[in-house]
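What follows is a set of notes on a single structure, which appears directly below.
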Amino acid sequence: PQPQRDAEVFGKVVGLVQLLEEWKGWVLELAAWKYCVPATGAGSGDGDGTGEGWLQYRRVVADNYSSRDKEVLLEFLYMIKTLSAQVITIASTLAPLLARHTHWS
């Protein structure tokens with residue numbers, strides 16, 4: 001066992017999880033803000049939806065994100081998902097180190 005290495009890995013994993021959680025919070029905060037401040041004008045979203053529910057959706061989501069907003073949000077979500085997938089892939093390798101550190105700390 002290498003306690004110093006285990007502690008270093010533990011610190012990096014905790015930092016990574018905190019970073020992913022912070023990024024997730026940013027996405028949720030953006031969505032909440034967009035929902036609270038819907039677009040005022042009628043946009044040109046696609047689809048032929050009708051009814052108040054559809055209009056509310058268009059004001060809040062479809063018409064409230066610019067093309068650049070959508071592009072950046074999708075890139076950001078892709079980055080979060082990719083990093084999360086990589087962590088899941090190496091979880092079996094990290095588990096013994098994290099367990100050892102947790103046990104001896």
Side-chain angles (χ1 to χ4, degrees):
Q2 300 174 348
Q4 185 175 2
R5 186 187 75 170
D6 292 352
E8 183 179 318
V9 170
F10 183 83
K12 288 180 180 180
V13 170
V14 168
L16 179 61
V17 170
Q18 289 172 337
L19 183 63
L20 287 170
E21 191 65 26
E22 181 180 4
W23 289 351
K24 181 189 82 169
W26 290 348
V27 170
L28 293 175
E29 187 176 319
L30 172 67
W33 186 85
K34 292 288 190 179
Y35 188 81
C36 291
V37 185
T40 54
S44 58
D46 31 14
D48 57 354
T50 58
E52 182 57 34
W54 172 252
L55 293 175
Q56 176 67 13
Y57 168 79
R58 285 196 50 184
R59 279 195 310 271
V60 171
V61 179
D63 296 337
N64 212 15
Y65 288 87
S66 69
S67 294
R68 181 68 179 145
D69 286 344
K70 292 174 190 175
E71 180 183 326
V72 169
L73 183 59
L74 286 175
E75 283 184 32
F76 200 59
L77 290 172
Y78 178 76
M79 186 173 63
I80 292 170
K81 288 186 71 157
T82 301
L83 194 52
S84 298
Q86 289 176 349
V87 170
I88 290 169
T89 300
I90 62 171
S92 61
T93 303
L94 292 175
L97 294 157
L98 300 177
R100 212 172 28 241
H101 176 75
T102 303
H103 177 75
W104 293 110
S105 294

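For Phe76, the CZ atom counts as densely surrounded, since its 6.0 Å shell holds more than 12 non-hydrogen atoms of other residues, nucleotides or ligands. Within 6.0 Å of atom CD in Glu22, more than 12 heavy atoms from other residues, nucleotides or ligands are found, so the atom counts as buried in its surroundings.
Between Asn64 and Asp69, the closest side-chain pair of non-hydrogen atoms is not below 4.5 Å. The shortest side-chain heavy-atom distance between Arg5 and Arg100 falls under the 4.5 Å cut-off.
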Requested in this report: Would you please test Val87 and Val17 for side-chain contact (heavy atoms from CB on, under 4.5 Å) and show each step?
Outcome: CA-CA 9 Å; Val87 170; Val17 170; 5.7 Å; no
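In terms of the ring pair (Phe, Tyr, Trp, His ring centres under 6.0 Å) criterion, residue partners of Phe10 (sequence neighbours excluded) are, by chain and number, His101. Scored by the salt bridge (Lys or Arg N to Asp or Glu O under 4.0 Å) test, Lys24 finds Glu21 as partners (sequence neighbours excluded).
Interatomic distance, NZ of Lys70 versus CG of Leu77, reported as 14.0 Å (0.5 Å rounding). Taken from CE in Met79 to CG in Leu20, the straight-line distance is 9.0 Å, to the nearest 0.5 Å. Here the CD atom belonging to Glu75 is positioned 11.5 Å from the OG1 atom belonging to Thr82, to the nearest 0.5 angstrom.
Residue pairs meeting the ring-ring contact (aromatic ring centres under 6.0 Å, His included) criterion with at least one member in residues 78-97: none, sequence neighbours excluded.
When atom types are taken as modelled, the side chain of Asp6 and the backbone of Pro3 share no donor-acceptor pair closer than 3.5 angstrom.
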